[in-house]
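Here's the structure, in structure tokens; my notes come after.
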Number of protein chains: 2
Amino acid sequence: MPDDSIAIVARPRVADVARLAGVSAATVSRILNGSEMFADATRIRVQEAARQLGFQPDPAARSLRRGQGDSIALLVGDIEQGVYAGLTRHMQAALEDMGLDLLVYDLAHQEARLRRFLERAPARRLRGIVLATTDTLPEDCIGLLRGLMAQQVKVIALRQRLDQHGIASVIQDEHSAAKLATAALLRKGRMPIAFLGRISGSLMGAERCEGYRDALREAGHAVDSALIWDASYRYRAGFTATAEALQRGLAFSAILAASDELALGAIAALQDAGRSVPGDVAVIGFGDADWAAYQRPSLTSLSEHPAELSGIVRGILEGKATGLLHEVKRHLVERQSG
Amino acid sequence: MPDDSIAIVARPRVADVARLAGVSAATVSRILNGSEMFADATRIRVQEAARQLGFQPDPAARSLRRGQGDSIALLVGDIEQGVYAGLTRHMQAALEDMGLDLLVYDLAHQEARLRRFLERAPARRLRGIVLATTDTLPEDCIGLLRGLMAQQVKVIALRQRLDQHGIASVIQDEHSAAKLATAALLRKGRMPIAFLGRISGSLMGAERCEGYRDALREAGHAVDSALIWDASYRYRAGFTATAEALQRGLAFSAILAASDELALGAIAALQDAGRSVPGDVAVIGFGDADWAAYQRPSLTSLSEHPAELSGIVRGILEGKATGLLHEVKRHLVERQSG
DNA sequence: TTGTAGGCGTTATCAA
DNA sequence: TTGATAACGCCTACAA
């Protein structure tokens with residue numbers, strides 16, 4: 001049975017704490033914000049009063065006065081992609097530790113949505129913006145980001161290099177990861193190898209493709225452009241690209257896919273066409289999704305490091321990490337598919 | 001080459017707009033907030049001035065003055081589960097439409113995290129809290145939620161019934177969905193059928209199990225409690241529970257899993273044990289994950305309706321939807337696995 | 001070491 | 001229909 005007798009209790013203010021502690025509001029504010037220059041007796045009295053009243057400072061008032069809020073906006077390429085969901089979880093945990101709120105904005109891989117957010121951002125008193133997408137940004141958005149930085153908003157690019165624009169960037173080494181995976185496939189006698197993934201419109205995607213090319217070249221193989229399939233990150237794209245390649249009669253014994261989603265789509269197309277994985281074709285993905293181990297065949301993939309990435313972002317936000325470019329190494333998580 | 005000449009441009013205030021339009025700040029505020037009682041000339045002058053200066057009201061100041069902010073907190077059971085990621089995307093889009101920000105908080109299925117958030121919530125001037133989890137809540141958290149409601153925070157339960165506590169709830173019909181799926185399996189001659197999913201600690205999970213039981217009973221079958229496997233929502237749990245059942249030599253020709261993640265884990269265990277899906281064992285999941293169509297066998301699943309759910313939440317937030325309980329119907333999306 | 005006073009930007013009340 | 005003024009809650013410069 002619902003209890004409808006809800007009493008509206010006014011939340012305590014600094015003034016209330018001050019009254020109870022027998023000091024001024026200024027003293028309360030200073031002590032609660034960690035000022036050291038107070039008599040122990042005063043400090044304890046104030047802290048006790050705050051505790052007793054359950055005082056929590058009003059973020060709106062604080063933000064108005066300080067000119068800076070307590071939230072960070074996380075802009076993700078697509079929250080439904082595993083890597084971004086994982087990133088969101090770790091970022092939220094890291095920010096919570098810092099006492100910051102996490103605002104999530106889904107870009108859905110659309111420039112227009114990014115622009116829309118950035119245009120509305122200046123008024124929001126954000127502490128920072130973490131832009132997590134590998135999609136290449138249009139010039140005007142970079143300009144907007146730099147404008148935000150001028151307003152003291154900390155801007156951090158995640159999974160994409162923007163350090164050439166003076167924007168702190170935290171990335172994973174796509175180039176050497178792709179090279180690593182390609183080399184591993186070659187070692188197992190796989191050749192020709194196809195590359196499946198976003199290349200146009202994504203600098204990091206292009207990096208991955210470059211790593212793949214370099215590995216082939218270094219092993220003395222020619223790069224066949226018919227085996228480079230430019231596709232977006234979703235399942236369908238992987239399925240379609242692979243199905244078309246099979247239909248065209250292209251020969252390949254391995255696929256390096258730029259995401260686990262693409263890899264799954266590719267595997268489905270292969271199996272539908274009667275090819276076995278990894279028997280006929282080996283497949284490696286990127287992102288080490290949590291479901292990768294529960295596929296059959298289980299999916300070999302390049303590791304993803306949301307916790308480390310979030311940790312570095314945290315360091316930057318706290319001013320502890322210096323430097324414009326931070327890189328985390330990926331490694332190969334070997335399973336059945338490749 | 002980075003252009004380091006960033007000019008700090010002061011953002012315009014109502015006062016600036018007022019000056020440009022030749023009116024008072026109060027007039028600007030009123031017109032920009034949609035007051036009707038002004039001469040057209042004035043209104044146009046003010047709107048033009050605001051546009052020209054690119055004025056955007058400061059949310060902190062507004063929130064301080066109005067006593068209410070512009071953000072909604074979305075508390076999700078686990079952002080890395082597909083259903084919650086999808087929900088997050090749709091909720092964000094819906095809120096953006098309303099001009100509201102989305103704060104995401106990951107509960108990681110832990111009561112302590114929910115409590116932690118709710119204790120810090122009162123100070124935050126949230127417009128609303130959307131609690132999206134099927135996990136049963138402890139009493140004290142319900143109390144905290146009701147306290148928040150008393151402070152004019154709109155509280156909405158998503159995927160769980162809390163209407164008995166006076167909390168608006170938006171759910172999907174778990175009971176009839178489970179019944180539907182079970183009946184479909186029975187029609188195809190599948191029996192015995194196992195149930196795999198969270199039961200303890202989740203009212204909606206228990207509902208699903210009840211639907212399964214009812215379908216069996218109505219078809220004149222006994223319910224074998226050895227075929228009801230209480231497991232959490234993740235892949236591993238599905239894998240483990242199924243592997244154990246196989247090891248114990250339990251006989252079953254179908255599994256109804258309470259999530260697609262569990263279903264995938266179950267399929268992996270079945271295939272590892274040499275059972276074919278759906279040949280030997282049919283499997284149906286819940287959630288219609290985007291990858292379900294790209295599994296082989298592709299996964300039959302009960303539909304999930306994040307867009308409809310978000311739409312109803314929006315209606316409630318806008319005060320358009322009345323009533324404490326809203327239900328969306330699931331249907332069966334038939335694919336290969338079941 | 002502590003207090004007083006003023007202002008952050010907006011909106012609501014009151015008066016005109 | 002419009003304007004002046006005060007107040008939301010907090011923090012900090014200045015004073016003591």
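Each chain gets a letter, A, B and so on, in the order the sequences are listed, and its residues count up from 1.
Residue pairs meeting the salt bridge (Lys or Arg N to Asp or Glu O under 4.0 Å) criterion with at least one member in residues 136-145 of chain A, sequence neighbours excluded, are A/Arg115-A/Asp140.
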Worksheet item: Would A/Ile129 and A/Leu118 count as a side chain to side chain contact (heavy atoms under 4.5 Å, CB included) if you check the C-alpha gap in whole Å, the side-chain angles of each, and the deciding distance to 0.1 Å?
Response: CA-CA 10 Å; A/Ile129 294 181; A/Leu118 293 179; 4.3 Å; yes
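When distances run from any side-chain atom of B/Ala39 to the nucleotides C/dA12, D/dT1, D/dG9, the shortest one goes to D/dT1. Taking only side-chain atoms of A/Phe38, from C-beta outward, the nucleotide of D/dC10, C/dT11, C/dT2 with the closest atom is C/dT2. When each of D/dA7, D/dT1, D/dC10 is scored by its nearest atom to the side-chain atoms of B/Met37, the top-ranked nucleotide is D/dT1.
Distance, B/Arg125 CZ to C/dT11 C1': 13 Å, rounded to whole Å. Atom CD in A/Glu36 sits roughly 13 Å away from atom P in C/dT2 (whole-Å rounding). Put simply, CZ on B/Arg66 is 13 Å from C1' on D/dC8, counting in whole angstrom units. For B/Gln68 and C/dT10, the CD to P distance is 18 Å, given to the nearest whole Å. Atom-to-atom, CZ of B/Arg65 to C1' of D/dT5 comes out at 11 Å; the value is rounded to the nearest Å. Counting to the nearest Å, the P atom of C/dT10 and the CD atom of B/Gln56 are 11 Å from each other. Atom CG in A/Asn33 sits about 7 Å away from atom P in D/dT12, given to the nearest Å. One can place CG of B/Asp70 at 13 Å from C1' of C/dT11, the figure rounded to the nearest angstrom.
Residues B/Ile316 and B/Val170 form a side-chain contact, since some pair of their non-hydrogen atoms from C-beta on lies under 4.5 Å apart. Contact annotation: the side chain of B/His326 never approaches that of B/Val313 to less than 4.5 Å [non-hydrogen atoms, C-beta and beyond].
A salt bridge links B/Asp101 to A/Arg124: one of the charged nitrogens lies within less than 4.0 Å of a carboxylate oxygen.
Side-chain polar atoms of B/Glu304 and B/Gln172 form a donor-acceptor pair below 3.5 angstrom. Judged by distance alone, the side chains of B/Gln56 and A/Arg120 never bring a donor and an acceptor atom under 3.5 Å apart.
Below 30°, between 30° and 60°, or above 60°: for A/His109 and A/Tyr84 the angle between ring planes is above 60°, a perpendicular geometry.
With hydrogens and angles disregarded, a donor-acceptor distance shorter than 3.5 Å links the side chain of B/Arg43 to the backbone of B/Phe38.
A/Arg43 comes within 4.0 angstrom of no nucleic acid atom, judged by non-hydrogen atoms across all strands. B/Thr42 comes within contact range of the sugar-phosphate backbone alone, with a heavy-atom separation under 4.0 Å but no base atom that close.
Residue B/Arg62 has a polar side-chain atom (N or O) positioned under 4.0 Å from OP1 or OP2 of C/dT11.
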Practice prompt. Let me have DNA chain C in dot-bracket notation, would you? Count Watson-Crick plus G-U wobble pairs, both distances under 3.5 Å, and use [ ] for pairs crossing earlier ones and | for inter-strand partners.
Written response: ||||||||||||||||
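Interface residues of residues 19-32 of chain B facing DNA chain C, ordered by number: B/Ala26, B/Ser29, B/Arg30; criterion, heavy-atom separation under 4.0 Å.
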